[in-house]
Structures are given as C-alpha cells and as structure tokens.
Amino acid sequence: MTNIKGKFIVFEGIDGSGISTQTGRLRSYLESQYNIKTILAKEPSEGPVGTLIRQVLSGRMQGIDDSSLALLFAADRIDHNKNKILPVLEQGDFVICDRYLWSSYAYQGRKNDLNWLQEINMYASKPDLTVFIRVRPEISIRRITGSRFQTEIFEKIDILQQVYDNYVCLFAKWKESGLSVTEIDGERDADTVEMEIRTAIEKHFIK
Ligand code: TYD
C-alpha cells in the first residue's frame, strides 16, 4: 500500500438506497468540476468470483451456505483489489466503489460472526471515506418493487430491516472510533442527496 496517491471512496446502504445513481453522479461531478480522473467500481465485481456470486444472488444457483457465501464475497474483494482498485489508486486516480467491506458486515453479519468476517476480509484495502446512504427498508422496498420486475434474494423487507439495523449499529460504532465515515439522509430526492454528498466529499478531499 505504499505510493498510493489516489482516493478510495465507498458507498454503502441497503438495496434500493440509491447508491448506483449517486456514484455515477459523483463521478461526473469530480471529473467536470475538478478534472479528477475517477473510475466506478462495484461489488460483487465483474471478475470470476463476482460472476458466481451474481448467480447466487439472482436465485439461479441455490443451496450455498451462508459462511461459504461470505468467503466468496471476501475472495471477490481480494481479486477486485488486485485487478482493479489498487492499480487505479497507484496511478493517482480516484475509485468510487458501489458496496465494499461494510456490505459483508451488514448482510453476511446476519448469519456470521463479525470478528470472523473482519478476519476473512483483513487483506482488503481500507477506504479513505465510506458514505452511508441511510434509507429505511419500507422506503427502499417501494423503490425496488416500483422500478424492477425481478428482485434478488436479499430484497425482502424483513431481511432488509436486519441489514439496516446492522448498518446503523456499525456506523455508530465506527464513527465513534474515528473512522472516516459519513452518513447521508437518502430519503430525500436524488438532487438534494447529490448536493449533500458533494459537500461531504469536498470537505473531506478537496479543500
Ligand atoms: P446490488 O448492489 O443491488 O447490485 P445490482 O443492482 O447489480 O443487483 O446487489 C448486490 C447485492 O449483494 C446486495 O443485495 C448486497 C449484496 N452484498 C452482500 O451481501 N455482501 C457483500 O459483501 C456485497 C458487496 C454485496
């Protein structure tokens, strides 16, 4: 991790919290306003392990046990770090990642011990800032069912409620321990959320 000059920004939140919309908008803003070269990344990644995970998430591949899925996410993350994230950071550019470590803690944390999850993810590089877009499950599920025909295995209100509770609890803990995290109220319209994210990023990296 020496010679890293770029910045690594991660977005987190439950399904339907608007992460994909906001990562795209932030990238355009950083490039047009500050001329910062930025790439978008996403987990599960487009690599071989990520492709396997997507089959599980869609329900096409069934019967995988919860700990094995947690290991697959961790394996995908190491692969993703090596093949995509680190080379970009080493070049001095920005990476904006749609989900990362904390997705594993919040989602896989429903069925796995947090210490074990941290252990299997110990080789993943740490983000410079994690942006938590906070949206309650009753709001996010309405967005998901209103915009898509097919849903994935975690997109159910009771599961999302547990994931949400995990996120809220973890973020409170990390904030207290001085980690670089910021929380945005994602229940407002996309333009307002975007403005607030810009302010947070500028405060953190630009001035
Ligand atoms: P999502 O990010 O919504 O992508 P898409 O819109 O392309 O389907 O879906 C990824 C799902 O994977 C989401 O439900 C969260 C889950 N996930 C985990 O459970 N653990 C992880 O470590 C990651 C990265 C994602």
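Just so you know, these numbers use all the heavy atoms, side chains as well, and skip hydrogens, waters and symmetry mates. Counting starts at 1 for both ligands and their atoms, following the listed order. Values in this document were obtained by computation on a predicted structure and should not be read as measured data.
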Residues in contact with ligand 1, criterion: heavy atom under 4.0 Å: D15, K42, E43, P44, R54, L57, F73, R77, R99, S103, S104, Y107, Q108, E152, F154

Closest non-hydrogen atom pair, E12 against W102: OE2-N, 3.2 Å

cation_pi(R77, Y100) dist<6.0 Å, angle<=45: yes

Aromatic ring pairing F171/Y167, orientation class (parallel under 30°, perpendicular over 60°, tilted between): tilted

Check ion pair R54-D76 (N to O, under 4.0 angstrom): no

Salt bridge (charged side-chain N to carboxylate O under 4.0 Å, His left out) between R99 and E43, intermediate numbers included: CA-CA 6 Å; R99 301 192 172 285; E43 291 194 358; over 6 Å; no

Side-chain touch L170/L114, heavy atoms, less than 4.5 angstrom: yes

